[in-house]
Amino acid sequence: MNTGTISSRYALALLRLVEEAGRGEQVYTQVRAILADPDGMPKTLEPELERFVALVVKNGRKEYLRFMLHSFVSQYDAAHGIRQAHLTTAVPSPELEDQLKSLFKGYRLIFDTKVDPELIGGFVLVVDDLMMDASVKHQLDVIRKQFVEKNRRIV
């Protein structure tokens with residue numbers, strides 16, 4: 001059987017379980033924390049998540065657990081209008097996050113922020129399949145490429 005099929009079916013079952021129990025947000029938060037830091041497993045799991053993991057182990061699907069959890073996060077995001085946003089800035093900028101959140105009205109953005117001084121200034125934002133590179137580094141690269149192209153024509 002296909003890894004993706006197995007993962008998505010189990011993830012959908014977990015999603016339905018936590019939605020029925022009204023504990024989706026708690027399980028979602030814990031699953032994101034587990035995926036972000038696999039070495040830092042919490043001492044106690046949410047009851048629904050604990051039952052789910054026990055079922056996965058009992059059914060001999062332990063090797064698919066990480067895929068299942070990623071699939072659960074994706075399905076939960078889709079069901080609740082959540083978008084994962086990866087923001088890289090030259091310096092920390094909470095004000096920029098607030099401005100970007102206002103651009104995506106109707107969606108709840110969860111930012112994964114990173115500081116990269118090599119950007120010189122500006123930011124790089126990735127939401128789903130879309131990327132907006134408004135960094136000074138990118139703009140300098142574009143200018144450099146244009147300069148090289150124009151000089152090739154002259155020679």
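All residue numbers in this chain count up from 1 along the given sequence.
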Q: Determine whether L125 and H86 make a side-chain contact, defined as any pair of heavy atoms from C-beta on separated by less than 4.5 Å.
A: no

Q: Would you mind listing every side chain to side chain donor-acceptor pair (under 3.5 Å) that reaches into residues 91-105, with sequence neighbours excluded?
A: none

**Q.** Stepwise side chain to side chain contact (heavy atoms under 4.5 Å, CB included) test for K114 and L87
**A.** CA-CA 6 Å; K114 185 171 75 171; L87 178 65; over 6 Å; no

**Q.** E118 atom CD: more than 12 heavy-atom contacts under 6.0 Å
**A.** no

Q. Is a side-chain donor-acceptor pair under 3.5 Å present for Q84 with D112?
A. no

Q: Look at the rings of Y76 and Y28 and say which category their plane angle falls in: under 30° parallel, 30 to 60° tilted, over 60° perpendicular.
A: parallel

If you look only at distance, which donor and acceptor atoms sit under 3.5 Å apart when one is on a side chain in residues 33-44 and the other is two or more places apart or in another chain?
none

Q. With a 4.5 Å limit on heavy-atom distance, are the side chains of L119 and T88 in contact?
A. yes

(Q) Rounded at 0.5 Å granularity, tell me how far CD in Q30 sits from CD in E50. (A) 9.5 Å

Q. Can you name the closest pair of heavy atoms from A85 and V127 and give their distance?
A. CB-CG2, 3.8 Å

Q | F111 vs L100, side chain to side chain contact (heavy atoms under 4.5 Å, CB included): CA-CA, chis, key distance, verdict | A | CA-CA 10 Å; F111 279 99; L100 292 172; 3.9 Å; yes

Q: Measure the OH-OG1 distance between Y10 and T5 for me, rounded to the nearest 0.5 Å.
A: 12.5 Å

Q) Do any pairs count as a side chain to side chain donor-acceptor pair (under 3.5 Å) and have a residue in residues 119-133, sequence neighbours left out, and if so which ones? A) R83-D128, D133-S135

Q. Do the non-hydrogen side-chain atoms of L14 and L49 ever get within less than 4.5 Å of each other?
A. yes

Q) Linking I/L/V/M/F/W/Y whenever any side-chain heavy atoms sit under 4.5 Å apart, do V57 and Y64 land together? A) yes

(Q) Within this structure, what is the CZ-CZ distance for the pair R9 and R61, rounded to the nearest 0.5 Å? (A) 9.5 Å

Q) Under the 3.5 angstrom rule, does the side chain of S71 hit a backbone N or O of F67 as a donor-acceptor pair? A) no

**Q.** Distance, nearest 0.5 Å, that separates CG of L45 from CZ of R51
**A.** 13.0 Å

Q. Going through the checks in order, is the side chain to side chain contact (heavy atoms under 4.5 Å, CB included) test met by T29 and Q26?
A. CA-CA 5 Å; T29 303; Q26 295 90 336; 5.9 Å; no

Q | Neighbour count >12 (heavy atoms, 6.0 Å) for atom OH, Y107 | A | no

(Q) Would the distance check show the side chain of Q75 and the main-chain N or O of L12 forming a donor-acceptor pair, the cut-off being under 3.5 Å? (A) yes

Q: Report the distance from atom CG of D116 to atom OG1 of T89, rounding to the nearest 0.5 Å.
A: 9.0 Å

Q. According to a 4.5 Å side-chain heavy-atom criterion applied to Ile, Leu, Val, Met, Phe, Trp and Tyr, with indirect links allowed, do L130 and L109 form part of one hydrophobic cluster?
A. no

Q: For the pair R152 and E149, evaluate salt bridge (charged side-chain N to carboxylate O under 4.0 Å, His left out) and give the outcome as yes or no after the intermediate values.
A: CA-CA 5 Å; R152 284 188 186 151; E149 282 299 314; 3.0 Å; yes

Q | SB check E19 R16 (cutoff 4.0 Å) | A | no

**Q.** Residue pair V18 / F72, side-chain heavy-atom distance below 4.5 Å
**A.** yes

**Q.** Between CD1 on residue I110 and CG on residue D77, distance to nearest 0.5 Å
**A.** 6.0 Å

**Q.** Steps toward side chain to side chain contact (heavy atoms under 4.5 Å, CB included) verdict (V124, M131)
**A.** CA-CA 7 Å; V124 177; M131 181 175 113; 4.2 Å; yes

Q: State yes or no: do F104 and L96 share one hydrophobic cluster built from I, L, V, M, F, W and Y residues joined by side-chain heavy-atom distances below 4.5 Å, directly or via other members?
A: yes

Q. Does CZ belonging to R66 count more than 12 external heavy atoms closer than 6.0 Å?
A. yes

